[in-house]
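Here the structure is laid out as structure tokens; the discussion comes afterwards.
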Amino acid sequence: MQSDQKDQNNENIDSAKLPFVNEKFVDLFENFFKQLTELNKISTVGPFISLINDPQINMNNMREYGNVLINYQRYLNKYLTQMINSYYQALDKVSAGIQGKDAHEARMLIINSFEDVFSAMFESKDFSVNYNNLINIYIDLNKSYQKFFDASVPFMGRQSLSKEEKDLLFKDLYEIKKITLEIKNWMKERKNE
Amino acid sequence: MNKTILDHYLNEYVNFVNEPDNFRKLTEMKKLLSNIEKIETGQTEYEVIKETGLFRLLHYKPTKERVYKHPLLIVYALINKSYILDLQPNKSWIKNILDQGINVYLLDWKSPGKFDKFTTLDDYVNLFIYDCVEIIKSIENIDKVSLQGYCMGATMSLIYTSLYQKNVKNLITVAPVVDTEKDKTVIKNMSQNMDIDKVLSHYENFPYELLYSLYASLKPFKQGVNKYLNLFDNLKDESFVQNFLRVEKWLYDTPPIAGETFRQWIKDIYQKNLFSKNKLVVGEHRINLANIRVPLLNVVADQDHLVSPECSVSLNNLVSSTDKNLMRFSTGHVGLIASGYSQNVVLPKLGNWIKIH
């Protein structure tokens, strides 16, 4: 079980570097990148182009973004498949018992059937693993999008602090607040003595 | 879709449409739910003793002559807001305890801002709870308080008691998270595979949207769908509607949780179960539940779907208290603290226990 967990975590961490699930996508993206490079070579003169990074760097980011996007689709499909399967299982349960029921009994049958099937799914390891993968890949998608944007037009991102810069600032603030509270408590204790 | 079910749905739909009053009721429901923010909660009078960026210490005005010497400090959880303990006068946990002649303080946690992301479980216990207990001791001129924690707050109260037992007269844990290996809830299942490091590499604190998505998986039809059908059926019952809206407001009032605190909560408590193994390290202290020797009352809900009863019940085998009690009630996690059952069955027993300890 621990080994499963480890494998799963590895998959989460390196999801951006996972191989393409379909070779057709590889060809599709490579052709697209080639054509984009050629197009970019044509227009290297003018004020706006000087503000944009080398298209070759952008392409690597774009390739990574493409990988993440495909894996996002993969986990999303799995999630939706689980939800749809449960929906049909619940409908089967309802249809097996609905005949002869009055409105109130039918309502309770529907609610109980859906509750049983969906709760069993939410309590399963398979759902938990896939749902967490979906959250992780969604985070990757956001990070990748941000990275692509930052690399493409670097001067645009300089208006605000980076995540790392914010973290340093927050850490300093946290330390200051903590030390202040500790000093206050210490002074209070001394006063009481 | 199966023809039998389709026929049933069509019949129901036709019946619904043919009843003109149903549209009025739907409009009324929509109006009630869209104005939910305005509904009043927390009507018991209190004084704010201390307020910082992350907590408020509240002292409630006595409603009866005091019959118990030691004040009771209630430590609420970091999940949702503490007004569930004072939802409305006839379903107020706090008012009920005050009416039993007990002096009540509440540790009311505030929502952490982005800059609070480094606040740890150590800070919550060794700075904030510690600070509040010292303030109460000083105000009341007393050397011990009676301590009560709910859910995550019960776990924090246990950590505090294991470290500062001399300050605790007795301890009441309500639905505590203790032995998570025995927890069978959806929350445990989802937490088990959560990559909390990854989530916190992107967000400062654990976002309320992710917390809310977890709650949405708990009894999604019996509570998630059926409650609105019940509201539709009971729109003429003013008391039912008001109670529904207050609970509904509380359910959606979910603050984020400080990043570092939630990292330890998920990794050490839910994924590694270190707390019940006496291996949890909080700040510079290793937490050993066997250090707890004060009288203990462990209150558990048998239909709890947020913290499995088995997860809480284990506590009584882990502490060294000779005077320890377990009270199990046939209700759920929220029903335990904010229901008519809680008022009539749970709280009288809890109050009596406090008074004789």
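To find a chain, count down the sequence lines: A is the first, B the second, and so on, and within it residues start at 1. Below, each value reflects all heavy atoms present in this structure, side chains not excepted, and no hydrogens, waters or symmetry copies.
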[atom2] on [Y] to [atom1] on [X], rounded to 0.5 Å:
X        : Y        : atom1 : atom2 : answer
A:Ile111 : B:Gln223 : CD1   : CD    : 11.5 Å
B:Lys198 : A:Ile135 : NZ    : CD1   : 12.0 Å
A:Asn133 : B:Asn193 : CG    : CG    : 8.5 Å
A:Leu181 : B:Leu127 : CG    : CG    : 5.0 Å
B:Thr120 : A:Lys178 : OG1   : NZ    : 5.0 Å
B:Thr119 : A:Tyr174 : OG1   : OH    : 6.0 Å

Give a yes or no on this: more than 12 heavy atoms of other residues, nucleotides or ligands lie within 6.0 Å of atom [atom1] of [X].
X        : atom1 : result
A:Glu165 : CD    : yes
B:Glu209 : CD    : yes
A:Tyr145 : OH    : no

Region of [X] that comes under 4.5 Å of a non-hydrogen atom in chain B:
X        : result
A:Tyr138 : neither
A:Ile110 : side chain
A:Asp167 : both

Q.
Ring of A:Phe170, cation from B:Lys117 - is the NZ or CZ under 6.0 Å from the centre and inside 45° of the axis?
A. no
Q: Output all residues satisfying salt bridge (Lys or Arg N to Asp or Glu O under 4.0 Å) with B:Glu181, sequence neighbours left out; order by chain, then residue number.
A: B:Lys277
Segment of [X] engaging chain A (4.5 angstrom heavy-atom cut-off):
X        : result
B:Asp123 : side chain
B:Ile135 : side chain
B:Asp197 : neither
B:Ile187 : neither
B:Lys114 : both
B:Asp122 : side chain
B:Val199 : both

Table please: side-chain donor-acceptor pairs of residues 112-120 of chain A below 3.5 Å, with sequence neighbours left out.
{"residue": "A:Asn112", "atom": "ND2", "partner": "A:Met108", "partner atom": "O", "Å": "3.2"}
{"residue": "A:Ser113", "atom": "OG", "partner": "A:Leu109", "partner atom": "O", "Å": "2.6"}
{"residue": "A:Glu115", "atom": "OE1", "partner": "B:Phe221", "partner atom": "N", "Å": "2.7"}
{"residue": "A:Glu115", "atom": "OE1", "partner": "B:Lys222", "partner atom": "N", "Å": "2.6"}
{"residue": "A:Glu115", "atom": "OE2", "partner": "A:Ser119", "partner atom": "OG", "Å": "3.3"}
{"residue": "A:Asp116", "atom": "OD2", "partner": "A:Lys93", "partner atom": "NZ", "Å": "3.4"}
{"residue": "A:Ser119", "atom": "OG", "partner": "A:Glu115", "partner atom": "O", "Å": "3.0"}

Q) Does B:Asp195 reach the main-chain N or O of A:Asn136 with its side chain, forming a donor-acceptor pair under 3.5 Å? A) no
(Q) Under a 3.5 Å cutoff, is there a donor and acceptor pairing between the side chains of B:Ser217 and A:Tyr131? (A) no
Q) Which pair of heavy atoms, one from A:Phe122 and one from B:Asn189, lies closest together, and at what distance? A) O-ND2, 2.7 Å
Q. Would you call A:Lys177-B:Asp116 a salt bridge at under 4.0 Å N-O?
A. yes
Q) Is it true that A:Arg107 and B:Asp233 have a side-chain N and a carboxylate O under 4.0 angstrom from each other? A) yes
Q) How about A:Lys163 and B:Ser201: do any of their side-chain heavy atoms sit closer than 4.5 Å? A) no
